[in-house]
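Below is one structure; the comments refer to it alone.
Proteins come first, then strands; the chains are lettered A, B, ... in the order of their sequence lines, and each starts at number 1. Both backbone and side-chain heavy atoms feed into the values below; hydrogens, waters and symmetry mates do not.
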Amino acid sequence: MNLLKLYDDLYQKYGPQGWWPLLETGYQKLDFSYPKNQTQSFEIALGAILTQNTAWLNVEKTLNNLKNQELLLPEKILAAPDKVLQNAIRSSGYYNQKLKKIKIFTTFFLSLKNRTPARNELLNLWGIGPETADSILLYAYKIPSFVIDAYTKRLLINLYGADKIPQNYHDLKNLFETNLPADYELFQEYHALIVANGKLVNLKTYKPVLPKVNRSDQSV
DNA sequence: AGCCAGGCTACCG
DNA sequence: CGGTAGCATGGC
């Protein structure tokens, strides 16, 4: 199983993804100078929490709501009334849970005082599981921690067969990390490409939904 | 008009 | 402990 070749195939098909999509930049040509500061790292982490089982478009609305009220800063989040935050979060769904998750994370974020968190510290927070922790490490802190999601697992099952690949998060993560150079830029784009591919395939049936572009491209 | 989205926790047997 | 219901909204 050549995971570097798989990366090349995905890249050939979908091109550079330019993750993470910050409000300021959106998806962009590859520019690994972002995040440029702690404020942008914080925005990425909130986005990672908000997008749990939620479409990114709905998350963007929440981030814009917060930004427009000048609340997209850790100190402001903690000072804001619950009702205001719930209304801002509403478009992302699960607004009761996500309010709690965001407050817990924000308190932790401030306690770091610009230090990079350890993976276990993130996992110990209520509301942060392995995928969210790895997304925060990889995109907010540029740590080469490979992100596994439902798309990743499904793609490997499709390509190699369910009996050939590990099924749990930890082993899947390890599969990528032991077969790739520990390069955060590679990991960032790889995960983004898997998501780009995954969005074109129905999650339950594995059947492709109608591609929006490039029907003639070879499928991956 | 359903189905689904870049999960996680709590609870069930 | 492995499996899964519940959490909520908006786009297609």
Side-chain angles (χ1 to χ4, degrees), chain A residues 7 10 14 16-23 26-28 43-66 82-106 108 119-141 145-158 162 166-173 176 184 187-213 220:
Chain A
Y7 174 82
L10 290 167
Y14 299 107
Q17 300 299 303
W19 274 32
W20 184 274
L22 287 159
L23 291 180
Y27 299 94
Q28 58 184 7
E43 179 189 322
I44 290 170
L46 284 202
I49 292 169
L50 289 168
T51 200
Q52 290 171 0
N53 201 37
T54 300
W56 180 253
L57 204 57
N58 293 339
V59 174
E60 270 190 333
K61 293 182 204 302
T62 292
L63 292 174
N64 276 313
N65 288 340
L66 293 172
D82 283 359
K83 196 157 286 182
V84 170
L85 295 174
Q86 283 172 327
N87 282 331
I89 295 168
R90 190 171 302 275
S91 70
S92 297
Y94 312 124
Y95 59 84
N96 289 310
Q97 290 190 347
K98 284 178 178 173
L99 171 60
K100 184 176 169 188
K101 292 177 182 181
I102 282 173
K103 282 186 160 184
I104 289 172
F105 173 78
T106 301
F108 169 73
R119 189 167 189 270
N120 266 334
E121 292 181 293
L122 291 169
L123 290 176
N124 285 339
L125 301 176
W126 186 90
I128 299 203
E131 182 185 343
T132 307
D134 288 330
S135 291
I136 291 172
L137 291 172
L138 181 59
Y139 292 104
Y141 292 100
S145 192
F146 203 91
V147 179
I148 302 297
D149 63 3
Y151 293 143
T152 313
K153 181 172 166 183
R154 190 186 63 200
L155 176 61
L156 290 195
I157 289 176
N158 283 341
Q167 303 282 329
N168 68 68
Y169 191 99
H170 179 74
D171 291 341
L172 270 173
K173 175 182 175 64
F176 280 90
Y184 84 87
F187 285 15
Q188 287 185 352
E189 281 298 287
Y190 206 150
H191 173 66
L193 284 164
I194 288 172
V195 173
N197 180 69
K199 281 178 173 171
L200 299 179
V201 182
N202 181 286
L203 186 60
K204 296 276 170 57
T205 63
Y206 292 180
K207 284 183 186 158
V209 297
L210 290 181
K212 289 167 181 150
V213 293
V220 177

Inset, instruction - Could you give the distance separating dA8(C) and dG2(B) at their P atoms, to the nearest angstrom? - result: 23 Å
Inset, instruction - Find the distance Lys61(A):NZ to dA8(C):C1' and express it as a whole number of Å. - result: 15 Å
Inset, instruction - Could you note down all residue pairs passing salt bridge (Lys or Arg N to Asp or Glu O under 4.0 Å) where residues 44-63 of chain A supplies at least one of them, sequence neighbours left out? - result: none
Legend entry - dC7(C) and dA1(B), which share atom name P, separated by this distance in whole Å: 26 Å
Inset, instruction - Would you kindly give the CG-to-P distance between Leu99(A) and dT9(C), to the nearest whole Å? - result: 14 Å
Please tabulate, one pair per line, all N/O donor-acceptor pairs under 3.5 Å involving side-chain atoms of residues 126-133 of chain A, not counting sequence neighbours.
unit_1: Thr132(A); atom_1: OG1; unit_2: Gln52(A); atom_2: NE2; d: 2.9

Legend entry - Integer-rounded Å distance: dC7(C) C1' and Asn53(A) CG: 9 Å
Inset, instruction - May I ask you to evaluate whether Asn58(A) reaches the phosphate of dG11(C), defined as a side-chain N or O under 4.0 Å from OP1 or OP2? - result: no
Legend entry - Under the salt bridge (Lys or Arg N to Asp or Glu O under 4.0 Å) test, residues paired with Lys173(A) that sit two or more places apart: Asp134(A), Glu177(A)
Inset, instruction - Output all residues satisfying side chain to side chain donor-acceptor pair (under 3.5 Å) with Tyr94(A), sequence neighbours left out; order by chain, then residue number. - result: Asn53(A)
Legend entry - Close residues, residues 84-92 of chain A, relative to DNA chain C [heavy-atom separation under 4.0 Å]: Arg90(A), Ser91(A)
Inset, instruction - Enumerate the residue pairs fulfilling salt bridge (Lys or Arg N to Asp or Glu O under 4.0 Å) with a member in residues 82-97 of chain A, sequence neighbours excluded, ordered by first and then second residue. - result: Asp82(A)-Lys103(A)
Inset, instruction - Figure out the CH2/C1' separation between Trp56(A) and dT9(C), and round it to whole Å. - result: 16 Å
Inset, instruction - Only pairs at least two apart or in different chains count here, so list each salt bridge (Lys or Arg N to Asp or Glu O under 4.0 Å) that has a residue in residues 45-54 of chain A. - result: none
Inset, instruction - Sequence neighbours left out, what passes side chain to side chain contact (heavy atoms under 4.5 Å, CB included) with Gln167(A)? Give chain and number order. - result: Lys153(A), Ile157(A), Ala162(A), Ile165(A)
Legend entry - Spatial distance of atom CG (Asp149(A)) from atom CZ (Arg154(A)) [nearest 0.5 Å]: 9.0 Å
Inset, instruction - Round to the nearest Å and state the distance from Lys199(A) atom NZ to dG11(C) atom P. - result: 15 Å
Inset, instruction - Using a 4.0 Å heavy-atom cut-off across all strands, classify Tyr95(A) as base, sugar-phosphate, or nothing. - result: sugar-phosphate
Inset, instruction - Could you encode protein contacts along nucleotides 8-13 of chain B as a string, one character per nucleotide from 5' to 3', using B for base contact, S for sugar-phosphate-only contact and - for no contact, with a heavy-atom cut-off of under 4.0 Å? - result: SSS---
Legend entry - Secondary-structure stems, DNA chain B, at least 3 Watson-Crick or G-U base pairs under 3.5 Å: B:2-5 with C:9-12, B:7-13 with C:1-7
Inset, instruction - Step by step, work out the side-chain hydrogen bond (donor to acceptor under 3.5 Å, both in side chains) result for Tyr151(A) and Asn197(A). - result: CA-CA 8 Å; Tyr151(A) 293 143; Asn197(A) 180 69; over 6 Å; no
Inset, instruction - Look at all strands and tell whether Lys98(A) reaches a base, only sugar-phosphate, or nothing, counting heavy atoms closer than 4.0 Å. - result: nothing
Inset, instruction - Choose from dA8(C), dG7(B), dA5(B) the nucleotide whose nearest atom is closest to any side-chain atom of Tyr151(A). - result: dA5(B)
Inset, instruction - Provide, to the nearest angstrom, the distance between the CG atom belonging to Asp134(A) and the C1' atom belonging to dG7(B). - result: 13 Å
Legend entry - Whole-Å gap separating C1' (dA5(B)) and CZ (Arg154(A)): 12 Å
Inset, instruction - Specify the separation, in whole Å, of atom OH of Tyr94(A) and atom P of dA8(C). - result: 8 Å
Legend entry - Residues that Ser91(A) engages under side chain to side chain donor-acceptor pair (under 3.5 Å), provided they are two or more places apart: Thr62(A)
Legend entry - Glu189(A) side-chain N/O to Gly18(A) backbone N/O, donor-acceptor pair under 3.5 Å: yes
Legend entry - Residues which pass ring-ring contact (aromatic ring centres under 6.0 Å, His included) with Phe176(A), listed by chain and number, not counting sequence neighbours: Phe146(A), Tyr190(A)
Inset, instruction - Mind checking Tyr27(A) for me? I need base, sugar-phosphate or nothing, with any heavy atom below 4.0 Å counting as a touch. - result: base
